[in-house]
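Here is the structure we will look at.
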Amino acid sequence: MQVPMADPINTEIRLRIMNAQRILVVSHVRPDGDAIGSLLGLGLAIQTSGKLVEMVLDDTVPANLRHLPGYQQVSQRPKDTCDLIVTLDCSDLKRVGKALNGYNVPDVNIDHHPTNLNFGKINLVDPSAVATAEILTRSLPEWDLPITKDVASALLTALVTDTLGFRTSNVTSKVMRMAADLMDVGADLPDIYGKSLIQRSFEATRFWGAGLTQLQREGPVVWSILTTQDRKASGYSGNDDADLINVLSAIKDAMVAIVFVEQSNGNIKVSWRAQPGVDVAQIASSFGGGGHTAAAGAEIQGTLDDVRSRVIGKTRDFLV
Ligand SMILES: [Mn+2]
């Protein structure tokens with residue numbers, strides 16, 4: 001049997017964690033399942049080794065993830081000093097928002113976005129991973145950190161949500177085996193699937209309704225808008241699209257789906273989803289955003305009409 005060579009980055013991270021006493025883990029603004037699952041997964045795993053951990057997010061934990069063990073420990077600002085900072089699922093430092101409160105160079109940057117800027121002192125970035133939690137699931141044992149039932153539930157939540165229930169084109173048999181291993185440790189797949197991915201509020205569903213009535217198609221591009229007015233009328237409290245983009249991306253024959261969401265700060269949040277073969281991360285990058293080949297986003301200044309015409313124009317040019 002071949003003995004795998006120890007990866008120098010993993011060895012370095014293991015040493016850093018081993019030598020630290022107070023560890024700060026942080027993820028991105030508008031946290032999704034991978035942000036929360038990775039934060040809790042790593043945070044709780046380090047805690048079991050007796051070290052002090054602060055899990056920090058600029059925004060609060062979304063309602064659909066407030067069933068995960070440990071979520072009450074997440075705070076919006078660090079309360080104390082620390083000797084190790086780990087960022088999770090952040091492609092650049094702006095993504096942490098104000099959560100780092102003065103600290104500026106994270107020690108360890110763990111992420112799977114191809115647009116990652118390698119801003120950490122140590123960068124563990126793997127764009128082939130379906131989620132940051134995939135990197136954590138395979139690395140925790142190498143860092144001598146245990147995958148307990150609670151850690152497994154957090155990590156499986158991240159895998160389920162970032163793959164939209166194991167149906168994105170980057171899902172491999174390896175990911176499925178990893179998910180099975182997490183189930184073996186006690187993670188409850190149907191419960192996680194239902195709570196984090198399927199269940200939604202009445203208000204969110206009404207918000208979808210507003211978006212669906214404004215659905216448009218221009219050639220291979222389908223798109224819709226969600227205005228501040230729509231949000232008020234539906235009673236939806238989030239600043240996001242309530243996942244409407246995933247409904248649009250199911251439309252047959254559409255190469256690209258786009259949702260424009262008017263923000264309370266006047267900017268327009270744009271989300272893209274693409275069929276395999278189209279790289280929307282490139283389009284998002286040209287507007288100052290980022291993401292993955294098949295799913296990307298940007299927040300753009302301008303009026304809804306202006307942003308919509310610029311983005312659809314650019315997207316259609318890109319498809320020619
Ligand atoms: Mn992710």
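One-based numbering, in listed order, for ligands and for the atoms of each.
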Practice prompt. For the Mn ion (ligand 1), find the closest N/O/S atom on D34 and give its atom name.
Written response: OD2
Item to complete: Would you tell me whether E299 and N265 have side-chain atoms, one donor and one acceptor, within less than 3.5 Å of each other?
Response: yes
Worksheet item: Short question: side chain of K51, backbone of I23 - any donor-acceptor pair under 3.5 Å?
Response: no
Worksheet item: If you count the non-hydrogen atoms of other residues, nucleotides and ligands that lie under 6.0 Å from CZ in R217, is the total more than 12?
Response: no
Worksheet entry | Short N/O/S contact of H112 with the Mn ion (ligand 1) (below 2.8 Å) | yes
Discussion item. With rounding to 10 degrees, what does the angle D162:OD2 / the Mn ion (ligand 1) / D89:OD1 come to?
Written reply: 160°
Discussion item. With heavy-atom distances below 4.5 Å as the criterion, would you say the side chains of M183 and L156 are in contact?
Written reply: yes
